[in-house]
Enquirer: 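Supplied in structure tokens, the structure appears directly below.
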Amino acid sequence: MRLSRSLIPTLKENPADAQIVSHRLMLRAGLVRQTSAGIYAWLPAGFRVLQKIAQIVREEQDAVGAQELLMPTIQPAELWRESGRYDSYGKEMLRIRDRHDRELLYGPTNEEMITDLFRQSVRSYRELPQIVYHIQWKFRDEVRPRFGVMRGREFLMKDAYSFDLDYAGALRSYRQMMLAYMRTFQRMGLKAIPMQAETGPIGGDLSHEFIILAPTGESQVFYDAAFEDIDYSASNFDHTQDADLARFAALMTTHYAATDEKHDPDVFASVPRERRREGRGIEVGHIFYFGTKYSKPMNFTIAMPDGKLIHPEMGSYGIGVSRLVGAIIEASHDDHGIIWPDVVAPFKAAILNLKPEDAACTELCEKCYAALGNEALYDDRLERPGVKFADADLMGHPWQIIVGPRAAAQGMVELKRRAGGERHELSLQSALEKLAAHA
RNA sequence: CGGGGCGUGGCGCAGCCUGGUCAGCGCGCGUGUUUUGGGUACACGAGGCCGCCGGUUCGAAUCCGGCCGCCCCGACCA
């Protein structure tokens, strides 16, 4: 994209409403704008990040065999009456009436709807197990939205639902999802720690939260450094092998991990001193096993080989996709702005044309832009160099290709790495090669 | 939902207590000159229903009432 033709409104000053660093930076870097309390418009650069995160989530869900579908945001109250949650969910649920005075709601989650979809079509044990997911906007009418996109009312969530014939199967699905989660966060360059969790309004008796480490996180976490060294790749854990899943689950549950509310200093003391870690964390995912909590009241039955009917065992699995944008910034920034991990950056590189009026300079930039295409943000604005440096640092592109008139005359550019800040002067060709090699 | 605070050009704010050339400042924006590798300088200029409604008053951004919106602390949550 050409910056001069982009809706990426950067701000020099801090908006008064933004309290935490990710919120400030998202506003200042022109990623989002608030339209109501806890509701945000995603501007082009922010939307690109959102899509990249969603894509990684999608690929890792697919990799463990989950199927993507898409359910509506608006749901009939009827379904929620069946499960009993229409009354129990409380004011967080946004209730709506249509012109016929029918009761609807803007979905905060989709257990009822997916159970309904399955019971309509799935009748035999031959058709299970299955895991489905979608990446959809949710609405929870939080009493007090805050922290920008981290605690909004409208948010993008990946939610998956598993259906199994028995507990053993449900546990397998649960572990597969857990594995997919660890891979997902690792790919984004995040250190994620799974923690035993309360089941809350989703219900159930097995649940984990996924906390990613960020110096400005909301809660204090204590964990065993062993988590940082685990290789979650397919070569180490085959998600189709129960033995691998069991080994994985053992790793996830035997090492110490707890938030401050559940922290037990005595148990933590049993972790070898050099592996004890303490930090701040942000919750970005939550998974639940809840058995027949929905299949039973909603009368979803499956015929078994002996002809008996059973209620499938279910689980649900959430990742806060829009929240991750904020969480990643909390985990990766400095005084100048965002430092995007390569895989989620809105643009891989920014091309800074320090002197657009200079023919050689502009020609070299255009060449560079043509080579990089859609993954480059070309700063072709008639601005002072200082403005461009500051904006590029603020927006956090992993690479900056700085093109000034003097070096451009020699066909040289300067390549700067945002993380670390190293700069090297080299030919455009070598700069492009270095970028390609890095990916 | 309890407690607190704030709504004044795109952003950040002053003015309000002590009603009357107070509608102002910085940034941003436009034009020109300047500068030309880290948010340059100067000049000129555009832009505001002072959140909304009502009241008090000769006169309201300023005082009073109601409403709406937003933010912070707490309880709750991906």
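First the proteins, then the strands, lettered A, B, ... as listed; each starts at 1.
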Enquirer: Once you apply the 3.5 Å cut-off to both distances, tell me the Watson-Crick or G-U wobble partner of B/U34, or none.
Expert: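 None - no nucleotide pairs with B/U34, as no candidate has both distances under 3.5 Å.
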Enquirer: Taking side-chain hydrogen bond (donor to acceptor under 3.5 Å, both in side chains) as the cut-off, I'd like each qualifying pair that reaches into residues 393-409 of chain A, sequence neighbours left out, listed once.
Expert: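 Applying side-chain hydrogen bond (donor to acceptor under 3.5 Å, both in side chains) to every pair that reaches into residues 393-409 of chain A, excluding sequence neighbours, yields A/D393-A/Q400, A/D393-A/K416.
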Enquirer: Check each of A/L50, A/V32, A/V49 against A/S322 using the side chain to side chain contact (heavy atoms under 4.5 Å, CB included) test, and report the only one that passes.
Expert: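 Exactly one option meets the side chain to side chain contact (heavy atoms under 4.5 Å, CB included) with A/S322, and it is A/L50.
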Enquirer: Can you tell me, in whole Å, how much space there is between the P of B/G9 and that of B/A14?
Expert: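 B/G9 and B/A14 have their P atoms separated by 13 Å.
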Enquirer: In whole Å, what is the span from the CZ atom of A/F147 to the C1' atom of B/C71?
Expert: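 After rounding, the gap between these two atoms is 12 Å.
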Enquirer: Of A/I53, A/V343, A/I56, which meets side chain to side chain contact (heavy atoms under 4.5 Å, CB included) against A/R187?
Expert: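 For A/R187, the side chain to side chain contact (heavy atoms under 4.5 Å, CB included) test succeeds with only one of A/I53, A/V343, A/I56, which is A/I56.
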Enquirer: May I have the step-by-step check of side-chain hydrogen bond (donor to acceptor under 3.5 Å, both in side chains) for A/R153 and A/Y106, ending in yes or no?
Expert: CA-CA 11 Å; A/R153 292 194 293 173; A/Y106 195 114; over 6 Å; no
Enquirer: Can you see which heavy atom on A/A257 is nearest to which on A/P194, and at what distance?
Expert: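 Closest approach of A/A257 to A/P194: CB-O, 3.6 Å.
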Enquirer: Should B/G26 form a Watson-Crick or G-U wobble pair with both distances under 3.5 Å, which nucleotide is its partner?
Expert: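 The base-pairing partner of B/G26, which may sit in any strand shown, is B/C11.
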Enquirer: What's the NZ-P distance between A/K355 and B/U35, to the nearest Å?
Expert: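 So the NZ-P distance, A/K355 to B/U35, works out to 11 Å.
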Enquirer: Please produce a list of atom pairs where a protein N or O lies less than 3.5 Å from an N or O of nucleotides 67-69 of chain B.
Expert:
none

Enquirer: May I ask which nucleotide in the shown strands pairs with B/C1, Watson-Crick or G-U wobble, both distances under 3.5 Å?
Expert: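 Base-paired to B/G74.
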Enquirer: Using the C1' atom as the reference point in each nucleotide, state the distance between B/C50 and B/G24 in Å, no decimals.
Expert: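 Those two atoms are separated by 12 Å.
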Enquirer: Base, sugar-phosphate alone, or nothing: which one does A/G148 contact when heavy atoms must sit under 4.0 Å apart?
Expert: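 Here A/G148 touches no strand at all.
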Enquirer: Mind listing the N/O atom pairs, protein and nucleotides 10-13 of chain B, below 3.5 Å?
Expert:
from  : atom 1 : to    : atom 2 : distance (Å)
B/G12 : OP1    : A/A16 : N      : 3.0

Enquirer: If the P atom of B/G26 is compared with that of B/C67, how far apart are they to the nearest Å?
Expert: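 B/G26 and B/C67 have their P atoms separated by 39 Å.
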Enquirer: Does a side-chain N-to-carboxylate-O contact under 4.0 Å join A/R2 and A/E366?
Expert: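 Salt bridge present between A/R2 and A/E366.
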Enquirer: To check you understand the geometry: which heavy-atom pair defines the closest contact between A/M177 and A/A160, and what is its length?
Expert: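 Residues A/M177 and A/A160, closest heavy atoms: SD-CB, 4.1 Å.
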Enquirer: For the pair made of CD in A/E92 and C1' in B/C1, what is the distance, rounded to whole Å?
Expert: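 From A/E92 CD to B/C1 C1': 12 Å.
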Enquirer: Please work out if A/R33 contacts a base, only the sugar-phosphate, or nothing of the nucleic acid, heavy-atom cut-off 4.0 Å.
Expert: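 Since no nucleic acid heavy atom lies under 4.0 Å of A/R33, the category is nothing.
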Enquirer: Listed by chain and number, what are the side-chain hydrogen bond (donor to acceptor under 3.5 Å, both in side chains) partners of A/H134, not counting sequence neighbours?
Expert: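 Only A/D159 meet the side-chain hydrogen bond (donor to acceptor under 3.5 Å, both in side chains) criterion with A/H134.
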Enquirer: Looking at A/L251 and A/H255, what are the two nearest heavy atoms and their distance?
Expert: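 Heavy atoms of A/L251 and A/H255 come nearest at O-CD2, 3.1 Å.
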Enquirer: Could you give the distance separating B/U62 and B/U8 at their P atoms, to the nearest angstrom?
Expert: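 Result for the P pair: 14 Å, nearest Å.
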Enquirer: Given A/Q61 and A/R58, is the side-chain hydrogen bond (donor to acceptor under 3.5 Å, both in side chains) satisfied, shown in steps?
Expert: CA-CA 5 Å; A/Q61 292 289 298; A/R58 177 176 289 123; over 6 Å; no
Enquirer: With RNA chain B as reference, determine whether A/K91 or A/R423 sits nearer its 5' end, using the nearest nucleotide of each.
Expert: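 So the residue in question is A/K91.
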Enquirer: Scan residues 395-416 of chain A against RNA chain B and write down, sorted by residue number, each residue with any heavy atom closer than 4.0 Å; if none is found, say none.
Expert: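 Of all residues in residues 395-416 of chain A, the ones placing a heavy atom under 4.0 Å from RNA chain B are A/I402, A/G404, A/R406, A/E414, A/K416.
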Enquirer: Rounded to whole angstrom, note down the P distance from B/G55 over to B/C16.
Expert: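 Those two atoms are separated by 26 Å.
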Enquirer: From CZ of A/R384 over to P of B/U33, roughly how many Å is that when rounded to an integer?
Expert: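 After rounding, the gap between these two atoms is 16 Å.
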Enquirer: Which heavy atom in A/Y86 sits nearest to a heavy atom in A/A77, and how many Å separate them?
Expert: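 Taking A/Y86 first and A/A77 second, the nearest heavy atoms are CE1-CB, 3.4 Å.
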Enquirer: Can you tell me how far C1' of B/G37 sits from CG of A/L382, to the nearest Å?
Expert: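 Rounded to whole Å, this separation is 16 Å.
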Enquirer: Can you measure A/L352 atom CG to B/G39 atom P for me and round it to whole angstrom units?
Expert: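 In whole Å, B/G39 P and A/L352 CG are 14 Å from each other.
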Enquirer: Parallel, tilted or perpendicular, judged at 30° and 60°: which one describes the rings of A/Y232 and A/F248?
Expert: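 Correct class here is perpendicular.
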Enquirer: Please give me the minimum heavy-atom distance between A/C361 and A/A408, naming the atom from each residue.
Expert: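 That closest heavy-atom pairing would be CA-CB, 3.7 Å.
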Enquirer: Take atom P in B/C77 and the same atom in B/G12, then report the distance between them in whole Å.
Expert: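 The answer is 32 Å between these two P atoms.
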Enquirer: With the side chain of A/R146 defined as its heavy atoms from C-beta on, choose the nearest nucleotide among B/C72, B/C77, B/C27.
Expert: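 The listed nucleotide nearest to A/R146's side chain is B/C72.
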Enquirer: Would you say CD of A/E363 has more than 12 non-hydrogen atoms from neighbouring residues, nucleotides or ligands within 6.0 angstrom?
Expert: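 Counting neighbours around CD of A/E363, 12 or fewer heavy atoms of other residues, nucleotides or ligands fall under 6.0 Å, so no.
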Enquirer: Can you tell me whether the side chain of A/R151 and the base of B/C77 have a donor-acceptor pair closer than 3.5 Å?
Expert: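 Result: at least one qualifying N/O pair found.
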Enquirer: In residues 385-393 of chain A, which residues come under 4.0 Å of RNA chain B by heavy atom?
Expert: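 Result for residues 385-393 of chain A: A/P385, A/G386, A/V387, A/F389, A/A390, A/D391, A/D393, sorted by number.
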Enquirer: How many Å lie between CD on A/E383 and P on B/U36, as a whole number?
Expert: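 Going from A/E383 (CD) to B/U36 (P), I get 17 Å.
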Enquirer: Give me the distance, rounded to whole Å, that separates B/C64 from B/G28 when you measure between the C1' atoms they each carry.
Expert: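 To the nearest whole Å, 37 Å.
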Enquirer: For A/V321, report the nucleic acid contact type (base, sugar-phosphate, nothing); a contact means any heavy atom under 4.0 Å.
Expert: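 Contact class for A/V321: none.
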Enquirer: For A/Y289 and A/Y174: C-alpha separation, side-chain torsions, deciding distance, then whether ring-ring contact (aromatic ring centres under 6.0 Å, His included) applies.
Expert: CA-CA 7 Å; A/Y289 158 74; A/Y174 188 89; 7.3 Å; no
Enquirer: Provide the closest heavy-atom pair for A/L435 versus A/K348 in the form atom of the first, atom of the second, distance.
Expert: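 Result for this residue pair: O-NZ, 3.3 Å.
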Enquirer: If you measure from the P atom in B/G10 to the same atom in B/G51, how many Å do you get, rounded?
Expert: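 Between the two P atoms, the distance is 13 Å.
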Enquirer: In whole Å, what is the span from the CE atom of A/M157 to the P atom of B/C77?
Expert: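 So the two atoms are 14 Å apart, to the nearest Å.
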